[in-house]
Amino acid sequence: MPNMNPKKTPMPEQEPCIRNKNFEEVSLGYTEDMAKSEAERCLHCKNQPCVKGCPVGVHIPDFLKKITEGDYEGAYHTIKLTNSLPAVCGRVCPQESQCEHNCVRGIKGEPVGIGRLERFAADWHMKHGKDEAEKVTPNGHRVAVVGAGPAGLTCAGDLAALGYSVTVFEALHAAGGVLMYGIPQFRLPKEIVQKEIDALKEKGVKVETDMVIGKVFSVDELFESGFEAIFVGTGAGLPNFMNIPGEGLVGVYSANEFLTRVNLMKAYKPEYDTPIIHPKNVAVVGGGNVAMDAARTALRLGAENVHIVYRRAEEQMPARREEVHHAKEEGVIFDLLCNPLQILGDENGRVGGIECIHMELGEADASGRRRPVPVEGSNFTIPVDCVVMAIGNSPNPLIRSTTEGLEANSHGCIVVKDDTMETTREGVYAAGDAVSGAATVILAMGGGKDAARSIDNYIRSKE
Ligand SMILES: Cc1cc2nc3c(=O)[nH]c(=O)nc-3n(C[C@H](O)[C@H](O)[C@H](O)COP(=O)(O)OP(=O)(O)OC[C@H]3O[C@@H](n4cnc5c(N)ncnc54)[C@H](O)[C@@H]3O)c2cc1C
């Protein structure tokens, strides 16, 4: 008999007033009993709508069944059949708009906590399981992957499993992309990302860091050195700014820079002397996951007042509900329907405040969302010593500007022909944020998988 409780088994979490002062993980994970009880809520629908909602097609009912039977290692291996980064996806995937959105239990209550169970199985494996190195016969072909984010790592892992010799070239000194430099430790511990990367290396994937393709080697030079196909998964790491006065002041960061200093340059560890401001009063501009991450990180660095400044209403915030909820619990102040006009400097050229104007919702725009319009004369100033801009990122132009025949659209995203992920340059494939613009981990992984399949077809067709 399934467990007919309409509510998900609650996730144990650190108390908000404790966790907002440390970088330890917020959610603590299910125990075995909790996991079994939650997995028993699955009705095992014949048409498996949850699987259709997963961009990488994880066999969800199968892995849930294994959890109910206490076969946690089996559950993990079932997920691994289609998802190379389960511990990551269990933590950061927007399940509420994907697998869980399609769950039949969600009609009359809460959907099955698929993400929480994916995390449980992956964590169980990390503690108790063993990775048997699969024996793959090398097929003698070489592929280069540019960018070690979720798109690149997935493509690399799938190609290595088919016998390809794969080298990943990563610009930064650590692999992982946004998983390493963007998403904070308290949501996604870096040790977990590293373990997933190590598992790929065990499969034979070579990772070369500090290699900016387009500068150290061009795509043409990679072909000349014997790579038969190239996958571009360079993400969307170029931060957008508002172009308002004061953005050049000391104390203004892009969210990418702020989070990179904390995550990759380890400002979250007291023993590291990372060059970063430890601000008292912070305004984070934006309403997405990146803004929530920056605001919650600022609190943990010791800020007393952290404001989210967002020009629309809460219902229109693109951030996951869970992130908004966690940020509110931790004490982040939400200044909604407010738009920055200028950043004000103090006598030393540092940030002294941010001038904003109240907004109200007008007619719907092309996206169907009601357009925010300024309320005349409603200007006000928030006294802050740091402003973090989290209003979106675009793909970096380096690869497309140094590669002949690689077309991009007006947003700077690399153009692919269809879901083969083939670009306009023969032998070059692309996926992830570099193609879609800033999106999600699982979509980047799905694109990386599609590209691996196409690269395999392409190389075999030339044999
Ligand atoms: C702060 C933050 C929080 C987020 N939170 C979530 C979340 O909770 N859930 C979710 O699903 N998504 C989230 N996202 C989005 C998600 O992380 C991205 O959609 C995903 O990482 C895209 O994967 P990717 O592989 O395409 O690119 P990336 O992860 O950006 O990786 C690209 C890699 O390519 C490297 N690179 C770039 N140019 C070159 C070059 N010329 N040569 C060599 N290497 C290069 C970069 O250094 C980087 O390591 C978040 C994003 C941010 C910034």
Side-chain angles (χ1 to χ4, degrees), residues 55 85 88-98 115 144-156 167-185 187-188 193 197 207-219 222 230-239 254-260 262-264 284 286 288-297 318-323 326 388 390 392-403 413-414 421 430-448 451:
L85 305 172
V88 171
C89 291
R91 286 172 165 81
V92 304
C93 257
Q95 292 98 7
E96 66 280 8
S97 58
Q98 297 177 342
V145 167
V146 184
L153 293 175
T154 304
C155 183
T167 306
V168 180
F169 296 96
E170 165 56 45
L172 296 173
H173 66 265
V178 171
L179 308 180
M180 271 299 188
Y181 77 75
I183 304 180
Q185 178 78 3
R187 268 206 311 128
L188 181 61
V193 184
I197 293 166
V207 180
E208 293 203 21
T209 51
D210 298 313
M211 289 296 239
V212 184
I213 301 305
K215 282 206 188 293
V216 182
F217 295 124
S218 65
V219 163
L222 291 178
I230 295 170
F231 173 77
V232 178
T234 45
L238 189 68
S254 70
N256 259 21
E257 183 187 347
F258 184 68
L259 291 169
T260 301
V262 177
N263 293 325
L264 207 59
V284 177
N289 285 327
V290 182
M292 298 307 132
D293 282 344
R296 296 172 70 197
T297 296
R320 293 182 68 189
R321 293 299 107 195
E322 184 180 66
E323 302 311 323
H326 278 152
V388 181
N393 289 314
S394 307
N396 189 303
L398 182 61
I399 290 278
R400 63 174 198 271
S401 63
T402 54
T403 309
C413 300
I414 296 173
M421 300 300 167
D433 285 4
V435 168
S436 58
T440 63
V441 172
I442 196 77
L443 287 174
M445 290 175 65

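Nothing fancy with the numbering, it's 1 onward along the sequence. Read the numbers this way: they start at 1 and go in the same order the structure lists the ligands and their atoms.
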*Sidechain-backbone polar pair: Asp433 side chain, Ala444 backbone, donor-acceptor under 3.5 Å*: no
_Listed partners of Val262 passing side-chain contact (heavy atoms from CB on, under 4.5 Å), at least two apart_ = Phe23, Ala267, Tyr268, Ile276, Thr297, Leu301
_Quick one, Ile183 with Val88, criterion side chain to side chain contact (heavy atoms under 4.5 Å, CB included). Give me CA distance, side-chain angles, the key distance, then yes/no._
CA-CA 11 Å; Ile183 304 180; Val88 171; over 6 Å; no
*For Ala291, enumerate each residue passing the side-chain contact (heavy atoms from CB on, under 4.5 Å) test, keeping only those at least two apart in sequence or located in another chain.*
Val284, Ile308, Ala390
*Under a 4.0 Å heavy-atom cut-off, which residues neighbour ligand 1?*
Val92, Pro94, Val146, Gly147, Ala148, Gly149, Pro150, Ala151, Phe169, Glu170, Ala171, Leu172, Gly177, Val178, Gly182, Ile183, Arg187, Met211, Val212, Ile213, Gly233, Thr234, Gly235, Leu259, Asn289, Val290, Asp293, Leu398, Ile399, Gly432, Asp433, Ala439, Thr440, Val441, Ala444
*Answer yes or no: is there a donor N or O on one side and an acceptor on the other, between the side chain of Asn263 and the main chain of Gly182, under 3.5 Å?*
yes
_Thr167: which residues meet the side-chain contact (heavy atoms from CB on, under 4.5 Å) condition with it, sequence neighbours left out?_
Phe169, Lys206, Glu208, Phe227
